[in-house]
Amino acid sequence: MAEPLKNMYTEEFLRLFGERVQAAYSPFDIEGFIHQVMDQKWDELELKERIRRISLTLGAFLPSSYEEALFILFAIDEYCSGFPYLFFPDFIEVYGQGEEHWDLSMNALERFTSKSSAEFAVRPFLLREPERTMRQMTSWAAHPSEHVRRLASEGCRPRLPWGQALPVFKRDPAPVLAVLELLKADPSLYVRKSVANNLNDIAKDHPDIVIATAQRWKGAHPDTDWIVRHGCRSLIRKSIPEVMAMFGYANDTDGVPLVAAASLNTDPIVLKIGDHCELSYVLQLREGESVRVRIEYGIDFVKARGQVSRKLFLLSDKTVSGGTRLTGTRTHRFADLTTRRHYAGAHRIVLLVNGQEVASTMIDIEM
């Protein structure tokens, strides 16, 4: 099992960082800094809590003047690059939101984002002054650094994982889309991934807006087409007809079903929580021209109170010749996860082709 990310903040890491700070600011108390960071139930803190603890403690051991403290960080940031140094932009979030610090804090976020990432730290500025901050994001969208251009998109994602939600952009994503327009053909894949993820966020609240944007963007540039496809992934999973048609997924035509015959089987059909079963399927497609097919299976998981919730799992997504016979197998494990608990009961499993159910079966899960 991978080591939890929070464990990267060891005493050795903090001591090395403290030595770098002390080289730029001789009064810095390395031992006091380490003790205060790792005291008060440090072992119980999760990753973001540890980042915030380091930021707060750093503020207590650096000069009380925000400007003076920040210039010390500027003096050492070239030696502090990588994911562990997320507390640099977090320091800006904690101490740099005063009106008198606006320009300095924006410059610091621009500088630090290339060393770690500032998409979390910029969000309180967006929540407090969305219009002003979005003007800054628009400026960043034209920056020569891909890290800063990515910040322009990633920082304003309405539903950024681990980050504060941005209700103002959930309600009206127009300011965000204006920034994405500037980045829709960005030469950097790092930036394009962020633009696509931002579109996918918006699609959860405003699918029609994203569909219209995708239809307008599609075909403009190969890099933009990649963004459109990746940004519409949630809409594809929902099998929205306009989206399926946009990406060339076949459907029933003139009363002729896309799938002529289908079967889905599981072995075993009775199992316990923690066991696994083998799924196998056979599909016979209609005769004719080549078609694009997205094959998924869905499980209607029984929940704690007896209701069911469907989860989809992708099996295949490709273009095949008409009349093709497709087969496949997949092992599915019913072990509890941090994101899903399993409960006893009858579970329906369905096979879907381009969002349409074509076969189903049942299994029983026992305690």
Side-chain angles (χ1 to χ4, degrees), residues 1 46 157-167 170-171 173 196-211 229-244 247 249 251 258-259 262-283 293-317 328-367:
M1 182 178 294
E46 297 302 325
R157 283 180 58 184
R159 295 171 172 268
L160 179 67
W162 289 13
Q164 292 174 277
L166 300 176
K170 285 185 180 181
R171 292 191 297 270
N197 289 335
N198 203 326
L199 276 182
N200 191 56
D201 279 4
I202 295 170
K204 294 172 183 177
D205 298 299
H206 301 279
D208 292 344
I209 291 177
V210 171
I211 291 171
R229 169 64 191 230
H230 197 59
C232 287
R233 61 189 184 274
S234 292
L235 301 177
I236 291 172
R237 284 197 290 268
K238 292 181 178 179
S239 303
I240 295 176
E242 307 100 292
V243 178
M244 301 302 282
F247 295 106
Y249 290 101
N251 55 22
L258 170 62
V259 178
S263 64
L264 174 66
N265 294 289
T266 60
D267 181 31
I269 60 173
V270 179
L271 59 159
K272 296 183 181 297
I273 296 172
D275 290 348
H276 67 270
C277 70
E278 298 292 326
L279 308 175
S280 59
Y281 68 90
V282 178
L283 292 170
V293 292
R294 179 182 176 88
I295 305 171
E296 301 167 288
Y297 69 96
I299 301 180
D300 292 335
F301 288 104
V302 175
K303 309 302 287 183
R305 297 183 180 179
Q307 72 273 35
V308 297
S309 176
R310 177 169 293 184
K311 170 71 174 176
L312 298 181
F313 303 88
L314 181 64
L315 290 165
S316 179
D317 190 329
T329 60
R330 175 67 61 86
T331 299
H332 188 94
R333 303 185 184 279
F334 288 87
D336 285 342
L337 307 170
T338 56
T339 54
R340 185 187 315 121
R341 290 186 58 82
H342 296 84
Y343 299 91
H347 288 60
R348 184 169 181 258
I349 305 179
V350 298
L351 183 67
L352 303 102
V353 177
N354 293 355
Q356 303 300 311
E357 290 187 20
V358 296
S360 66
T361 188
M362 298 291 293
I363 62 168
D364 284 319
I365 294 183
E366 301 176 342
M367 295 298 292

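Computed from a predicted model, the values in this text were never measured in an experiment. The figures here come from the full heavy-atom set of this structure, side chains too, leaving out hydrogens, waters and symmetry mates.
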Considering non-hydrogen atoms only, spot the tightest contact between C232 and F247 and give its length. CB-CE1, 3.8 Å
How close do D317 and Y249 get, counting heavy atoms only, and between which atoms? OD2-OH, 2.6 Å
Qualifying residues under salt bridge (Lys or Arg N to Asp or Glu O under 4.0 Å), relative to R341, sequence neighbours excluded: D336
Sorted by chain and residue number, the side chain to side chain donor-acceptor pair (under 3.5 Å) partners of Y281 (sequence neighbours excluded) come out as none
With rounding to the nearest 0.5 Å, note down the distance linking CD1 in I269 to CD1 in I349. 11.0 Å
Looking only at heavy atoms, the pair that brings I202 and V210 closest together is CG2-CG2, 3.6 Å
Donor-acceptor contact present, side-chain N354 to main-chain R294, <3.5 Å: yes
Below 4.5 Å, heavy atoms only, C-beta onward: do L351 and L315 meet side chain to side chain? yes
Quick check against the 3.5 Å criterion: does N200 have a side-chain atom that pairs as donor or acceptor with the backbone of S234? yes
Is any side-chain heavy atom of V350 closer than 4.5 Å to one of R310? yes
Under the rule for salt bridge (Lys or Arg N to Asp or Glu O under 4.0 Å), what residues qualify as partners of D267, not counting sequence neighbours? none
Do I236 and M244 have side chains that get closer than 4.5 Å, going by heavy atoms? yes
Closest non-hydrogen contact found for E296 with L312 is OE2-CD1, 3.9 Å
Please step through side chain to side chain contact (heavy atoms under 4.5 Å, CB included) for the pair L279 and Y297, ending with a clear verdict. CA-CA 9 Å; L279 308 175; Y297 69 96; 3.4 Å; yes
Once rounded to the nearest 0.5 Å, what's the spacing between atom CD1 of I363 and atom CD1 of I299? 6.0 Å
Looking at every non-hydrogen atom in both residues, tell me the closest pair between P158 and N198 and how far apart they are. CD-OD1, 3.3 Å
In Å and rounded to the nearest 0.5 Å, what is the SG to CD1 distance from C277 to I365? 8.0 Å
Can you list everything that forms a ring-ring contact (aromatic ring centres under 6.0 Å, His included) with H276? Sequence neighbours excluded, please. none
Rounded to the nearest 0.5 Å, how far apart are CD1 of I211 and CD1 of I240? 4.5 Å
Considering all heavy atoms, the nearest A262-L283 contact: CB-CD2, 3.5 Å
Which residues share a salt bridge (Lys or Arg N to Asp or Glu O under 4.0 Å) with R237, sequence neighbours left out: none
Test: R340 cationic atom under 6.0 Å from F301 six-membered ring centre, within 45° of axis: yes
Kindly write out the residues that satisfy side chain to side chain contact (heavy atoms under 4.5 Å, CB included) with S263, not counting sequence neighbours, or none if the list is empty. N265, V282
With sequence neighbours left out, the residues meeting ring-ring contact (aromatic ring centres under 6.0 Å, His included) with H206 are none
With rounding to the nearest 0.5 angstrom, report the CG to NZ distance, L235 to K204. 10.5 Å
Qualifying salt bridge (charged side-chain N to carboxylate O under 4.0 Å, His left out) pairs with a residue from residues 272-281, counting only residues at least two apart or across chains: K272-E366
Taking side chain to side chain contact (heavy atoms under 4.5 Å, CB included) as the definition, give me every residue that meets it alongside D205, ordered by chain and number, with sequence neighbours left out. R159, K170
When you look at L258 and V358, which way does the side chain to side chain contact (heavy atoms under 4.5 Å, CB included) test go after all the steps? CA-CA 10 Å; L258 170 62; V358 296; over 6 Å; no
Pairs satisfying salt bridge (charged side-chain N to carboxylate O under 4.0 Å, His left out), at least one member in residues 343-354, at least two apart: R348-E357
Test of understanding: with ring-ring contact (aromatic ring centres under 6.0 Å, His included), list the residues that count as partners of F334, not counting sequence neighbours. H332, H342
Residues I273, M367; criterion side chain to side chain contact (heavy atoms under 4.5 Å, CB included); working and verdict: CA-CA 6 Å; I273 296 172; M367 295 298 292; 3.8 Å; yes
Considering residues at least two apart in sequence or located in another chain, which fulfil the salt bridge (Lys or Arg N to Asp or Glu O under 4.0 Å) criterion with R233? none
